[in-house]
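Order of the sequence lines sets the chain letters (A, B, ...), proteins ahead of strands, with each chain counted from 1.
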Amino acid sequence: MPELPEVETIRRALVEPLTGKRIVSAKLKLPRLLLDFPPAEFAAKLRGQTVKAVIRRGKYLVLELSKDSLIVHLGMTGQLTAAPARAPENPRFLRTVTGLQKPEGVHPVDKHTHMVLNLDKGDRLLFRDPRTFGKLALVPGASWKTHPRLAKLGPEPLEMKPEAIARTFPANSLRPVKALLLDQEFVAGVGNIYADEALFRAGINPKRKVKTLKSDEKLRLLKAVKDVLRKGIKYQGTTFSDYRKPDGGKGDNYERLLAYGRGGFPCRACGTTLRKTVVAQRGTVFCPVCQK
DNA sequence: AATTCGCCCTGTCGGC
DNA sequence: TGCCGACAGGGCGAAT
């Protein structure tokens with residue numbers, strides 16, 4: 001699922017193809033993805049606006065336009081693709097050992113393509129989301145910062161000082177520490193993949209109650225969060241099913257993960273079989289030896 | 001107030 | 001081969 005490193009990868013890849021481009025027309029094919037706005041006005045409102053900036057906040061992507069801002073959340077399976085003019089219109093999906101997959105570097109328009117922005121010179125921005133957990137919102141000016149979805153987000157983990165955030169751990173909380181990492185009001189942008197990765201790196205059991213964490217463990221954990229997010233960005237995100245870069249390519253981080261997706265496989269640190277369990281209603285992989 | 005639970009959704013996969 | 005249930009899970013609103 002797209003977490004901070006995936007959304008940041010997408011953001012960086014969209015800056016060049018979108019900045020300064022004018023929206024010639026827009027089509028919203030699945031109106032229920034749109035929050036707080038009459039779907040009928042959506043396309044008309046977007047038409048003629050120019051993209052001024054492409055911003056990320058947590059797992060949210062924001063297109064700042066000349067008049068309004070378009071907020072995009074990719075949910076679980078959302079994909080944004082920048083389709084240059086003359087890209088193949090309806091490429092066949094390829095059947096591979098891992099199922100149906102889109103060929104690299106092409107841009108499908110199919111039944112899961114829920115929004116199309118037609119830009120200058122035939123370029124397009126496509127939003128595709130098979131499971132439709134994604135969300136779109138159009139808000140006036142730069143008011144995205146105060147949109148209910150974004151206003152309560154915690155600090156950006158890559159900009160935070162671990163020493164400062166360590167002090168914000170609730171002192172008496174009985175929650176499992178993984179639940180805190182997934183809480184977007186604590187820090188913004190960490191999801192299931194990078195929570196497991198950070199806990200593994202920090203050597204902390206995901207079920208540990210927050211109140212039992214010692215200050216050096218909090219510091220270690222927050223540093224691990226930054227490390228795994230930076231690594232995710234470096235390798236352009238984790239692709240194991242739907243995540244794709246805006247050019248259609250896959251991220252390279254999946255095979256580099258230490259915990260997520262590795263239940264039943266040997267720990268890369270000590271060789272013990274990694275255990276798969278459920279913590280905070282999420283599938284969770286950890287090493288019973290390395291993570292205390 | 002803090003925390004957990006149920007729900008939304010569709011493609012994939014294992015079992016029979 | 002095909003059907004069916006389980007599973008994947010971000011975030012919100014309801015329930016505890």
Side-chain angles (χ1 to χ4, degrees), chain A residues 1-8 10 29-36 56-62 71-80 93-102 108 110-115 127-137 144 147-154 157 168-199 206-213 229 232 237-244 254 257 259-264 276-285:
Chain A
M1 64 265 31
E3 305 178 24
L4 188 151
E6 289 74 35
V7 181
E8 177 61 19
I10 291 167
K29 300 181 180 182
L30 189 61
R32 66 176 161 80
L33 298 184
L34 190 59
L35 299 167
D36 330 315
R56 182 193 56 75
R57 176 79 173 95
K59 301 174 192 172
Y60 290 85
L61 197 76
V62 181
I71 301 170
V72 181
H73 192 288
L74 297 172
M76 277 196 53
T77 56
Q79 304 166 336
L80 282 170
F93 276 59
L94 301 177
R95 181 170 287 282
T96 70
V97 286
T98 54
L100 287 176
Q101 295 196 344
K102 178 169 75 61
D110 62 14
K111 64 174 179 173
H112 300 302
T113 305
H114 306 309
M115 182 185 70
F127 177 66
R128 182 175 182 272
D129 183 9
R131 274 175 232 184
T132 72
F133 275 31
K135 289 285 178 272
L136 301 168
W144 58 268
H147 188 280
R149 290 264 183 156
L150 288 99
K152 295 195 325 186
L153 291 178
T168 70
F169 278 69
N172 300 309
S173 173
L174 297 172
R175 294 171 95 183
V177 60
K178 179 168 176 178
L180 189 66
L181 287 183
L182 294 174
D183 186 342
Q184 301 299 296
E185 296 185 31
F186 179 64
V187 289
V190 177
N192 207 34
I193 298 170
Y194 296 96
D196 276 9
E197 292 300 295
L199 288 160
K207 284 188 171 144
R208 277 280 295 282
K209 296 182 194 323
V210 172
K211 67 178 289 187
T212 71
L213 293 174
L229 294 177
T238 299
T239 298
F240 60 92
S241 58
D242 295 276
Y243 165 69
R244 293 293 184 282
Y254 185 57
L257 297 181
Y260 183 89
R262 302 199 66 249
K276 173 112 192 249
T277 179
V278 174
V279 180
Q281 293 79 240
R282 296 288 177 260
T284 300
V285 176

Spacing between [X] atom [atom1] and [N] atom [atom2], to the nearest angstrom:
X	N	atom1	atom2	value
A/M1	C/dA8	CE	P	10 Å
A/Y243	C/dG10	OH	C1'	17 Å
A/L74	C/dA8	CG	C1'	17 Å
A/D242	B/dC13	CG	P	12 Å
A/D129	B/dG11	CG	P	11 Å
A/R131	C/dC7	CZ	P	14 Å
A/E6	C/dG10	CD	P	11 Å
A/E3	C/dA8	CD	P	15 Å

For the residue pair A/F169 and A/F186, categorise the inter-ring angle as parallel (less than 30°), tilted (30 to 60°) or perpendicular (more than 60°). perpendicular
Those residues at least two apart in sequence (or on a different chain) that pass side-chain hydrogen bond (donor to acceptor under 3.5 Å, both in side chains) with A/E6 are A/Y194
Base, sugar-phosphate, or nothing for [X], non-hydrogen atoms under 4.0 angstrom?
X	value
A/K152	nothing
A/M76	base
A/Y260	sugar-phosphate
A/K209	nothing

Counting just side-chain N and O atoms, does A/K111 come under 4.0 Å of either OP1 or OP2 of B/dC9? no
Verify the contact: side-chain N or O of A/H112 to OP1 or OP2 of B/dC9, cut-off strictly under 4.0 Å; return yes or no. no
Close side-chain approach of [X] and [Y], heavy atoms under 4.5 Å:
X	Y	answer
A/F127	A/L33	yes
A/T238	A/Y254	yes
A/R57	A/I71	no

Give each protein N/O atom lying under 3.5 Å from an N/O atom of nucleotides 2-5 of chain B, with the pair distance.
unit_1: B/dT3; atom_1: OP1; unit_2: A/S173; atom_2: OG; d: 2.7
unit_1: B/dC5; atom_1: OP2; unit_2: A/Q281; atom_2: OE1; d: 2.8

Suppose we screen for side-chain contact (heavy atoms from CB on, under 4.5 Å). Which residues come up paired with A/P130, at least two apart in sequence or across chains? A/T77, A/H112, A/R128, A/D242
So, using side-chain contact (heavy atoms from CB on, under 4.5 Å) as the criterion, who are the partners of A/A259 when residues are at least two apart? A/D196, A/E197, A/F200
So, does [X] use its side chain to make a donor-acceptor pair with the main chain of [Y] at under 3.5 Å?
X	Y	value
A/N192	A/G283	yes
A/Q281	A/V279	no
A/E8	A/K59	no
A/H114	A/D129	yes

Measuring from A/L181:CG to A/R282:CZ, what's the distance to the nearest 0.5 Å? 13.5 Å
To the nearest 10 degrees, what angle separates the axes at the start and end of the helix from B/dA2-C/dT16 to B/dC16-C/dG2, five pairs each? 60°
Strictly under 3.5 Å: I want the nitrogen or oxygen pairs between protein and nucleotides 11-14 of chain C, one per line.
unit_1: C/dG11; atom_1: OP1; unit_2: A/H73; atom_2: NE2; d: 2.6
unit_1: C/dG11; atom_1: OP2; unit_2: A/K59; atom_2: NZ; d: 3.3
unit_1: C/dC12; atom_1: OP1; unit_2: A/R149; atom_2: NE; d: 3.3

